[in-house]
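Data first, discussion second: the structure below is written as C-alpha cells.
Letters A, B, ... mirror the listed sequences (proteins, then strands); counts begin at 1.
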2 protein chains.
Amino acid sequence: MEHNLKEFFDKTLKEVSLDCTVFGFHEGELKVLLLRWKGTDEWSLPGGHILLDESADDAANRILTQRTGLNDVYLQQFYTFGNVNRYVYHPEKELLQKLEVTFGKGFFEGIIFRRVVSIGYFALVEFAQVQPTPDWFTDECRWWSLADVPNLLFDHNEMIERALKALRQRTRNHPIGYNLLPEKFTMPELQRLYETILDRQFDRRNFQKLLMSYDILERLDEKRVGAANKSPYLYRFVKEKYEAAVLEGVSFSM
Amino acid sequence: MEHNLKEFFDKTLKEVSLDCTVFGFHEGELKVLLLRWKGTDEWSLPGGHILLDESADDAANRILTQRTGLNDVYLQQFYTFGNVNRYVYHPEKELLQKLEVTFGKGFFEGIIFRRVVSIGYFALVEFAQVQPTPDWFTDECRWWSLADVPNLLFDHNEMIERALKALRQRTRNHPIGYNLLPEKFTMPELQRLYETILDRQFDRRNFQKLLMSYDILERLDEKRVGAANKSPYLYRFVKEKYEAAVLEGVSFSM
DNA sequence: TTTTCAATGCGTAAATTTTACACAAAGAAA
DNA sequence: TTTCTTTGTGTAAAATTTACGCATTGAAAA
C-alpha cells in the first residue's frame, strides 16, 4: 500500500449493504419477517443498499417501510457482518442458476453475489400492523416463528441469532413493549413478551411489581373479557414516561 | 429500483472503511492513539480499508498491528458510522488543499474524501508495549489523554465518544484489565483503572471484595516497593480463569 | 342452574446483595 | 525519630431480590 495508493485501493472492498431482522410478537411467540427469492425455495432477511444521499439509518428505515408498510418502527443497528465467506455459507451457486432462469443469464453479473459487508439492524414492530411485501428479487414475504426459521441464504441465520442477542441485551437495560404490543394489553401479555424474549419464566407478582416501579404504565378501567377466567385489567404505556425511561434506561433485574 | 437494477446499483454507496479507537492506560489516565496528517495539524483515528480477501476483523487486526507493533490485542467492533455528512463535520476542504501540497494536485481524486461507511472498532492495549507508528498519510502517531483530545477530522470525536460508551458497557459486564494493565499490578492500580473507565470512585474494601469474588486474580508474594507508604501486594490475572470469566461474563455491580 | 377449572389480583417475610464505615501498620520522606 | 500518605482488613445496616398462598372472577362443562 505504501507505494501505490491507487493500486492498493483497487484491492479493497467496495460494497456495503444492510439487512434487517424484523421482530414481531404474536400468539406468545417471537416472529421474524423473511423473503423467498423468485423461482426458488430459498429465504433471506429483508435488506438492501444504501443510496448515495442517504445515511445507513435512513436506508434501514426506507427498506423497512417498503417491506412492512410501517413508518416509525423501532430500529437499532447491532453488528456489521464482514466475514470473507459470508456469501458462501449456503449453496448460492445453485441459487444463482435458478435466479438466472427467472431473470436471464448474466443479469446479476458484477452486481449481487459479490462479497459485501452488511450492516445488521433489528426492528421491533407491532405484528398486526405489518403488511408483508416482497421486493423485486422475491415473490413472497411472510412471518416465521423464530423456532421454525429454515436455513437461510448467506449468513442470515447468524444475523438472526445476533439480533436476538442484541434484543435480549436491550430488554435487560431498556423498557420494551411499546414497539411490539398493541396499544392496550394485559399484564400477563406483557409478561409473556418478556418471557419469550428472555426465554425464562418470572413470578407474576414480582414481574408486575418491577414493571410498575418503572412508572411507565397506566392501568385502564377496562378489562379484557372473553377468556374462561377472571378478566385481567388492560394497561397502556404512558408515552412520555416510556420515552423518558428509554433514554435513561432501566434495569430489568429479574 | 424496481425497473433498472444496474441504474439503481450505480446510485448506491460503494465504500467501506474502518477506524480504531485504541485505548491505553497510563498514569491513571485513559489515552487514545491519534495520527497527524502529513503537512497539517489535523488529527484522526487510525483506520484503513478492508482488503478483498480479508474479513473486517482481520483488517482491524492488520491495521492495529501496523500502528502499534502489537499482535494480539483486544479488539471489538462497536458501531458502524453511516451518516451522510460524516466527512463534512470539519474543514476537510482546507485539509485536502494542504494535503495536495504534500502529495500533489489531484492525488486523492476519487479515492479518499468521498463518503464512506466506516466500521468502528475499539482496542485495548498495554500502554508500555505500544510502538506508535504513523501510516502513509500521516507523519506522527502518539498517545493523547482522553481529556485533551483535540477536534479531530471527520466524525472521529463522535467515534471516540461511542467507543468509550462501548468500553464502559463492556466493563460493566465483563472482566477488564488483562488487556490494559501490565502483567503484575496492585489492587489500587486495578481500582484506578475501573474508576477511570467508569468515571466514578469506589470503596477500596468493596472493590477488592467484588474483584476477588470473580476468582480471576492471584495475589503474589511480591509487593510493589518504592512509594512513601505501605507496600501493596502485587496481583496477576489467572489467564484461564480470566478467559472463562470473559466468556461467561461477570457483572460489575458497584 | 350449578359446578369446575384456569387465570387473575394482591402483600409480606426471608434471603441475598450492596453499601457504608474505621483503625492499625508499613515505608519513604522530612 | 517523626510525619505523612497509602495500604490491609471485617462487620453491620440498608436495599434489593426472591419466594410464596389464597380469595376472586368468568367462561365452559356438567
Side-chain angles (χ1 to χ4, degrees), chain A residues 27-29 171-173 175 177 181-182 184-196 198-236 245 248-254, chain B residues 27-29 171-173 175 177 181-182 184-196 198-236 245 248-254:
Chain A
E27 292 177 343
E29 285 190 312
T171 304
R172 295 225 148 268
N173 300 314
L181 293 175
K184 298 175 185 180
F185 49 87
T186 68
M187 191 58 73
E189 283 163 5
L190 180 59
Q191 179 171 347
R192 219 92 61 231
L193 172 63
Y194 271 80
E195 291 180 335
T196 305
L198 296 174
D199 195 24
R200 296 188 39 198
Q201 305 280 103
F202 303 109
D203 179 89
R204 249 166 353 109
R205 286 155 291 185
N206 295 338
F207 180 83
Q208 169 149 353
K209 214 185 307 174
L210 184 58
L211 268 284
M212 291 311 281
S213 79
Y214 297 159
D215 189 29
I216 55 177
L217 282 168
E218 165 182 40
R219 187 167 90 176
L220 306 177
D221 283 333
E222 294 171 74
K223 299 189 172 194
R224 166 141 310 154
V225 293
N229 53 39
K230 187 169 178 176
S231 300
Y233 284 103
L234 287 171
Y235 290 78
R236 150 169 78 194
E248 196 173 331
V250 297
S251 151
F252 183 78
S253 53
M254 298 187 86
Chain B
E27 292 176 342
E29 285 190 313
T171 303
R172 296 226 148 267
N173 300 314
L181 293 175
K184 298 174 183 178
F185 50 87
T186 68
M187 191 58 74
E189 284 164 4
L190 181 57
Q191 180 172 344
R192 229 142 285 139
L193 173 63
Y194 271 80
E195 291 180 336
T196 305
L198 297 175
D199 195 25
R200 296 189 40 198
Q201 306 278 107
F202 304 109
D203 178 89
R204 250 161 359 105
R205 285 156 293 188
N206 294 339
F207 180 84
Q208 169 150 350
K209 213 184 310 174
L210 184 57
L211 268 284
M212 291 311 281
S213 80
Y214 297 160
D215 188 30
I216 57 177
L217 283 168
E218 165 182 41
R219 186 165 92 175
L220 307 176
D221 284 331
E222 294 171 75
K223 298 187 171 193
R224 164 141 311 153
V225 292
N229 52 42
K230 185 169 179 176
S231 302
Y233 284 103
L234 288 170
Y235 291 78
R236 154 170 75 195
E248 195 174 330
V250 298
S251 152
F252 183 78
S253 54
M254 297 185 88

Could you tell me which residues satisfy ring-ring contact (aromatic ring centres under 6.0 Å, His included) with A/Phe202, sequence neighbours excluded, listed by chain and number?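 For A/Phe202 the ring-ring contact (aromatic ring centres under 6.0 Å, His included) partners, ignoring immediate neighbours, are A/Phe252.
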
Set of ring-ring contact (aromatic ring centres under 6.0 Å, His included) partners for A/Tyr214, sequence neighbours left out: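 For A/Tyr214 there are no ring-ring contact (aromatic ring centres under 6.0 Å, His included) partners, ignoring immediate neighbours.
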
For DNA chain D, whose closest nucleotide is more 5', that of A/Ser231 or that of B/Thr186?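 Here B/Thr186 is the residue nearer the 5' end.
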
Can you sort out which residues in residues 214-227 of chain A have a heavy atom within less than 4.0 Å of DNA chain D? Ascending by number, please.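 Per residue number, the list reads A/Gly226, A/Ala227.
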
Under the rule for side-chain contact (heavy atoms from CB on, under 4.5 Å), what residues qualify as partners of [X], not counting sequence neighbours?
| X | result |
| --- | --- |
| A/Thr196 | A/Phe25, A/Leu30 |
| B/Lys209 | B/Asn206 |
| A/Ser253 | A/Leu210, A/Ser251 |

On DNA chain C, does the nearest nucleotide to A/Ala228 precede the nearest nucleotide to B/Ser253 from the 5' side, or the other way round? Give the residue.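 Upstream on the strand: A/Ala228.
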
When you measure from every atom of DNA chain C, which of residues 200-210 of chain B have a heavy atom less than 4.0 Å away?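 Correct list: B/Asp203, B/Arg204, B/Arg205, B/Asn206, B/Lys209.
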
Which residues pass the salt bridge (charged side-chain N to carboxylate O under 4.0 Å, His left out) test with [X], sequence neighbours left out?
| X | value |
| --- | --- |
| A/Arg205 | A/Asp203 |
| A/Glu195 | none |
| A/Arg224 | A/Glu189 |
| B/Arg192 | none |

Spacing between [X] atom [atom1] and [N] atom [atom2], to the nearest angstrom:
| X | N | atom1 | atom2 | result |
| --- | --- | --- | --- | --- |
| A/Asn229 | C/dT4 | CG | P | 18 Å |
| A/Met212 | C/dC10 | CE | C1' | 13 Å |
| B/Lys230 | C/dA26 | NZ | C1' | 6 Å |

Need two values: the first and the last nucleotide of DNA chain D, 5' to 3', having an atom under 4.0 Å from any heavy-atom of chain B.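 Listed 5' to 3', the contact boundaries are D/dT5 to D/dT11.
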
In terms of the angle between their ring planes, are B/Tyr235 and B/Phe185 parallel, tilted or perpendicular, with boundaries placed at 30° and 60°? parallel

Does A/Arg200 use its side chain to pair, donor to acceptor, with the backbone of A/Met254 at less than 3.5 Å?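 Checking the backbone N and O of A/Met254 against the side chain of A/Arg200, a donor-acceptor pair under 3.5 Å is found.
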
Base, sugar-phosphate, or nothing for B/Met187, non-hydrogen atoms under 4.0 angstrom?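 Counting heavy atoms under 4.0 Å across all strands, no contact is made by B/Met187.
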
